[in-house]
Amino acid sequence: MLSDETRARIESAKKVCVFTGAGVSAESGIPTFRDAGGLWENHRPEDLVTIEAFERDPVLVWRWHLWLQNLCHGSQPNAAHEALARLDSASPEFLCITQNIDDLHERAGTNRIVKIHSDLMQIRCLAKDHVTQLTTALDEHSIRSSDDFPKCPKCGSPCRPNVVWFGEMLPIEPLDRARRFASRCDLFIIVGTSGVVSGGYGFTEMAKHNGAFILEINPRKSELTYLADISIRLPAAEALPELFGTIPGDQD
Ligand code: NAD
């Protein structure tokens, strides 16, 4: 798959930054936004993840998020998540920056992770921004009116999903941590993102500016391909285990 020179560059990396998008979870059965059409009741997901959509039809938005929450909660990490977890345990310095709102990286065992779009298993109250971590998925069919929205355990006010919607600011602390690490890594691996939104975050440019080797894994060309030193045009669950199947120091 790779030349000896490229492989040596990858294997000698000490600070490994992985940047993932929806494609890394595709083989767990979770559809990406831009690959699949007509995901849910003829609504485009992009039209359901904005504050305007929530103000217009909060019941629809809540039900869609709970549909996705149940799908993610019932899915299992795939071989790509597992290979990245091995890379985490084998790398002296490592950070996975994920745009994903599922928790499959964490369930596969990745510990050093920052979730820049937050987490589908969290709710946030509309009154005071209290965040609550859920331990189980909520029933989509339980939401029939605004009276049924999940309530904040701290103040009792109604909640929204605690995910970053289109047009919203990224949370500051995770963004800072991601930028700091991306700008000093020596290997930057982009997995399963179209880069349509994330291209604007600048992580890949920061890594490149520091001289990092940029490896992309995506069956299709993306908005970030032009920055990559190498693009592997394979599904993540095929490419990543081949690259990081056996790593010295691997506990498995
Ligand atoms: P996207 O839908 O814009 O792009 C998905 C990318 O994954 C495409 O470039 C596609 O070619 C690639 N891809 C498809 N199958 C793949 C595979 N098997 N292996 C590797 N790559 C594959 O997704 P995005 O760039 O992540 O941006 C969309 C937004 O949607 C993000 O903000 C994310 O939070 C959200 N989202 C998250 C999930 C999730 O958490 N699992 C699912 C859908 C959408």
Side-chain angles (χ1 to χ4, degrees), residues 1 18-40 43-51 53 61 64-84 96-108 110 113-122 137 161-171 174-175 178 189-204 215-228 230-244:
M1 191 192 301
V18 179
F19 182 40
T20 66
V24 76
S25 297
E27 285 147 288
S28 293
I30 303 171
T32 66
F33 273 3
R34 290 179 182 81
D35 291 314
L39 250 188
W40 190 76
H43 294 280
R44 296 191 326 140
E46 291 97 321
D47 295 337
L48 292 166
V49 290
T50 63
I51 191 68
V61 170
W64 184 81
H65 279 80
L66 292 188
W67 167 80
L68 187 60
Q69 189 187 76
N70 278 274
L71 179 67
C72 293
H73 199 60
S75 300
Q76 297 306 318
N78 65 50
H81 299 106
E82 284 160 7
L84 291 175
C96 176
I97 305 170
T98 189
Q99 299 164 77
N100 288 350
I101 51 179
D102 67 44
D103 60 357
L104 297 185
H105 282 304
E106 299 96 307
R107 282 202 266 141
T110 293
I113 183 166
V114 59
K115 299 181 74 125
I116 55 170
H117 289 170
S118 210
D119 193 331
L120 198 51
M121 289 299 287
Q122 291 179 350
N162 187 37
V163 295
V164 177
W165 287 332
F166 287 124
E168 294 187 317
M169 304 282 284
L170 298 190
L175 181 62
I189 308 174
I190 310 165
V191 188
T193 179
S194 64
V196 170
V197 172
S198 58
Y201 300 159
F203 303 131
T204 318
L215 168 67
E216 179 187 53
I217 296 166
N218 193 321
R220 279 176 287 283
K221 195 167 179 247
S222 79
E223 304 280 314
L224 300 172
T225 297
Y226 79 100
L227 291 163
I230 286 209
S231 291
I232 298 177
R233 296 276 170 246
L234 285 174
E238 207 175 306
L240 283 166
E242 198 167 318
L243 284 171
F244 305 113

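Keep in mind it's a predicted model, so treat the numbers as computed, not measured. In each ligand, atom 1 is the first atom listed, and ligand 1 is the first ligand listed.
Listed by chain and number, the residues in a side-chain contact (heavy atoms from CB on, under 4.5 Å) with Ala228 are Ile214, Glu216, Ser231 (sequence neighbours excluded). For Ala26, the side-chain contact (heavy atoms from CB on, under 4.5 Å) partners at least two apart in sequence or on another chain are Thr32.
Close contacts between ligand 1 and Ala26 involve ligand atoms 15 (N) [criterion: under 4.0 Å to a heavy atom]. Within ligand 1, counting atoms from 1 as listed, the ones closer than 4.0 Å to a heavy atom of Arg220 are 10 (C), 11 (O), 14 (C). Heavy-atom contacts of Ser25 reach the following atoms of ligand 1: 41 (N) (cutoff under 4.0 Å). Atom numbering of ligand 1 starts at 1 in the shown order; those under 4.0 Å from a heavy atom of Asp102 are 39 (C), 40 (O), 41 (N). When each atom of ligand 1 is checked for a heavy atom of Gly21 under 4.0 Å away, the hits are 26 (O). Using a 4.0 Å cut-off to heavy atoms of Pro235, the atoms of ligand 1 that qualify are 17 (C), 18 (N), 19 (N).
When every heavy atom of Lys115 is checked against every heavy atom of Glu106, the shortest pair comes out as NZ-OE2, 2.8 Å. In this structure, Thr193 and Gln99 approach most closely via the heavy-atom pair OG1-NE2, 3.0 Å. The nearest pair of heavy atoms linking Leu84 to Val24 is CD1-CG2, 4.3 Å. Listed here is the closest heavy atom pair of Asn218 and Arg233: O-NH1, 2.9 Å. Between Gln122 and Asn162, the shortest heavy-atom contact is OE1-ND2, 2.7 Å.
Remark: Leu48 CG to Phe166 CZ distance equals 10.5 Å, nearest 0.5 Å.
Residue-to-ligand polar distances keep Pro31 apart from ligand 1: every N/O pair is separated by 3.5 Å or more. Checked by distance only, ligand 1 and Val191 stay at 3.5 Å or farther apart across all their nitrogen or oxygen atoms.
Across the listed options Pro219, Ala22, Ser222, Pro219 owns the non-hydrogen atom lying nearest to atom 20 (C) of ligand 1. Looking at Ile116, Thr193, Asp103, Leu234 and measuring to atom 25 (O) of ligand 1, the nearest heavy atom belongs to Thr193. Among Ser118, Ser75, Ala236, Ala237, the residue whose heavy atom lies closest to atom 19 (N) of ligand 1 is Ala236.
Under a 4.0 Å heavy-atom criterion, Val196 is not in contact with ligand 1. Under a 4.0 angstrom heavy-atom cut-off, Ala239 registers as lying outside contact with ligand 1.
The shortest distance between side-chain heavy atoms of Thr98 and Ile113 falls below 4.5 Å.
Only side-chain heavy atoms of Ile30 come within less than 4.0 Å of ligand 1; its backbone N, CA, C and O stay farther off.
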